[in-house]
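Structure record follows, encoded as structure tokens.
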Amino acid sequence: MPTLPSHAKYAIIGAGIHGLSTSMHLAQKLAARGVTVGPGGTRIVVLDKTGIGAGASGIACGVVRNNYFQPAMRELMAHSVSVWESDADTYSYHPVGYMQISPEVMHAQVGTIYEQQKAIGYESVFVEGEAESMAYMKGLLSDWQARNITSVLHEKRGGYANNMASVRGLAAKARAAGVEIFEGVTVTGMRAAHGGGHIAALETSAGTLECDEIVVGVGPWINSIWTMLDLPKRIAIKGRDGRMNEGIPMWHYMALQEGTLGVDPDYQKTNDGAMPPVIHVDTDAPLHSDRDGALITDKLWGLYYKPDFHFGGVQGGAMPAPVERPADEVRVDPYGPKSPEFVVTDNFADMWTSALAFCQKRFEGQHGVYKKEPSGGIGCFTPDSFPVFDRFRENVYVIADSNHGYKMIGVGELVADELLGSPRALLSPFRFSRYAEGRLHPTSRSPFPWS
Ligand SMILES: Cc1cc2nc3c(=O)[nH]c(=O)nc-3n(C[C@H](O)[C@H](O)[C@H](O)COP(=O)(O)OP(=O)(O)OC[C@H]3O[C@@H](n4cnc5c(N)ncnc54)[C@H](O)[C@@H]3O)c2cc1C
């Protein structure tokens, strides 16, 4: 068992993308002010019950995009993309771009995304019309054949990063800046200060750690830390009609469905031999099985994919599946592919490989090389599926990204500023009070809860 210090100015729970990014930026910003970080100076301690990248960050598909219907999300993502770009090698970031390929029902909304990307200087191309979309896609990938597509938004920035490589890169930079990372230490409780709301110490499997400021970046485990903080499990949300909706569960889980087609990643190159952008397709054309022709769905559906050497094939996913159980009854551990409950099933494999074949002829008849290995993992979502970045109990900063936040590597930079007393406007649309005040983000027509 590692030996913890008795006191740290900053205690960060979770060594995923957010805990590590926050710790690194905080250490760098303190150093820039002439503060010594580390033993003997200001101590920033990261605690993880398992290890670096043991949560969602270590299994994420790694897609980095700006394509969000909510203006506040787009601005936040543009900031995060600039952090990915700032050290692409260390973060193992591949700036191949990203494409949102959509049916008519989403055309107008995606058009507004394009307009607003122009307004914030985020480079993208917007193609409209069925024939024009087909021609654009065939110009990139000659075997393109997806139907019911009437627009293509091609983001020139963004792409994907390799999950464990980027968190290890962050951890190395954090350590170099004086951050201490303790692996195998579980936070088991919070000790409130006498007569005060703030938390004076963390109870851990390695003893008590007194601290001044706490940052929570525990991804899918947020519900258990929320319980330790004694925060409300049900909340009131003011709807768009001005009426209060009482008793809404604060957290719910969904199972992310992802897998890999075991082809050579080079199999998915563009017409001119380059690595293609990450492709995301939504469509309302019926989807039939590539195995036996059976109808899989005639409702709006979607998929995303990219060739990826780290996963050893063409990797991607589809819409998440709801976990029909109250958050307190969901077993988060063992997490990810080790879970006996929340790995993808053969239904996903059939759907996703058929969807690939629907999009590109080269994938027809390839379902047999789908990698039959456990994949996918659960995520913990807020009521509106958008993040909560806020301070609770006076000194506890919660980073709850609603499970689409691997791409949000820059949030740690913004949180570090807030910890040092400088509020950041990019974070203010994500305060907890938005639910009670009815300051909700607009909702899109995408079949994905996070778009
Ligand atoms: C299959 C899958 C694919 C995804 N793909 C994408 C994608 O392509 N793009 C994207 O942007 N997002 C994606 N996401 C979402 C993204 O992975 C998460 O939103 C993000 O990684 C969360 O980061 P985090 O740092 O908050 O938490 P995590 O990475 O989950 O890290 C939390 C850490 O906290 C530790 N911990 C938990 N409880 C305690 C405790 N009590 N004491 C000590 N330590 C504790 C855990 O061990 C863990 O290491 C995906 C998620 C999944 C599951």
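Centroid-to-centroid, the aromatic rings of Phe448 and His280 come within less than 6.0 Å. Side-chain rings of Trp226 and Phe392 approach one another, their centers coming within less than 6.0 Å.
Shown here is Arg393, whose CZ atom has more than 12 heavy atoms of other residues, nucleotides or ligands within 6.0 Å. Within 6.0 Å of CZ on Arg431 lie more than 12 heavy atoms contributed by other residues, nucleotides or ligands. More than 12 heavy atoms of other residues, nucleotides or ligands sit less than 6.0 Å from atom CZ of Arg240. For NZ of Lys338, the number of neighbouring non-hydrogen atoms (other residues, nucleotides, ligands) closer than 6.0 Å is 12 at most.
Ala193 is linked by a side chain to side chain contact (heavy atoms under 4.5 Å, CB included) to His198, Ala200, counting only residues two or more places apart in sequence or in another chain.
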- Assess whether side-chain hydrogen bond (donor to acceptor under 3.5 Å, both in side chains) is satisfied between His18 and Asp401, documenting all intermediate values. CA-CA 9 Å; His18 297 305; Asp401 68 15; 2.8 Å; yes
- Message: salt bridge (Lys or Arg N to Asp or Glu O under 4.0 Å) for Glu155 and Lys407? Distances and angles first, verdict last.
- Response: CA-CA 15 Å; Glu155 300 181 355; Lys407 64 180 78 61; over 6 Å; no
- Query: Hey, mind stepping through Asp328 and Asn223 against side-chain hydrogen bond (donor to acceptor under 3.5 Å, both in side chains) and telling me if it holds?
  - Reply: CA-CA 7 Å; Asp328 284 345; Asn223 182 52; 2.9 Å; yes
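Relative ring orientation between Trp352 and Tyr370 is described as perpendicular, the plane-to-plane angle rising above 60° on a 0-90° scale split at 30° and 60°. Ring orientation note: the planes of Phe381 and His404 are close to parallel, at an angle under 30° on the 30°/60° scale.
Residues Met228 and Val396 fail the side-chain proximity criterion, which asks for heavy atoms closer than 4.5 Å. Side-chain contact between Leu427 and Leu76: present, with at least one pair of heavy atoms (C-beta onward) separated by less than 4.5 Å.
The one candidate from Trp251, Tyr253, Tyr335 that meets the ring pair (Phe, Tyr, Trp, His ring centres under 6.0 Å) condition with Trp221 is Tyr335. Just one of Lys29, Gln28, His25 meets the side-chain hydrogen bond (donor to acceptor under 3.5 Å, both in side chains) condition when paired with Glu413; it is Lys29.
Residues Glu246 and Arg234 are not paired through a salt bridge, judged by the lack of any N-O separation under 4.0 Å between the basic side chain and the carboxylate.
Proximity of a side-chain donor or acceptor of Thr260 to a complementary backbone N or O of Gly262 within less than 3.5 Å is not detected. Distance alone, capped at 3.5 Å, is enough to place a donor-acceptor pair between the Ser86 side chain and the Val83 backbone. Asp417 contributes no side-chain N or O that, together with a main-chain N or O of Ser422, makes up a donor-acceptor pair within less than 3.5 Å. Using a distance-only test at 3.5 Å, with no hydrogens or angles considered, a donor-acceptor pair links the side chain of Ser21 to the main chain of Ile409.
Shown here for Tyr122 and Gly158, the closest heavy-atom pair between the two residues is OH-N, 3.6 Å. Here the closest non-hydrogen pair linking Ala161 and Ser166 is CB-OG, 4.4 Å. Closest heavy-atom contact between Phe311 and Ile59: CZ-O, 4.3 Å. When all heavy atoms of Asn163 and Ser57 are compared, the closest pair comes out as CB-O, 3.0 Å. When all heavy atoms of Ile378 and Asn403 are compared, the pair lying nearest together is O-OD1, 4.3 Å. When all heavy atoms of Lys306 and Tyr160 are compared, the pair lying nearest together is CD-CG, 3.5 Å.
Arg439 and Ser433 share a side-chain donor-acceptor pair at under 3.5 Å. Donor-acceptor pairing under 3.5 Å is recorded for the side chains of Asp282 and Gln100.
Under the 6.0 Å distance and 45° angle rule, Arg434 does not count as a cation-pi partner of Phe430.
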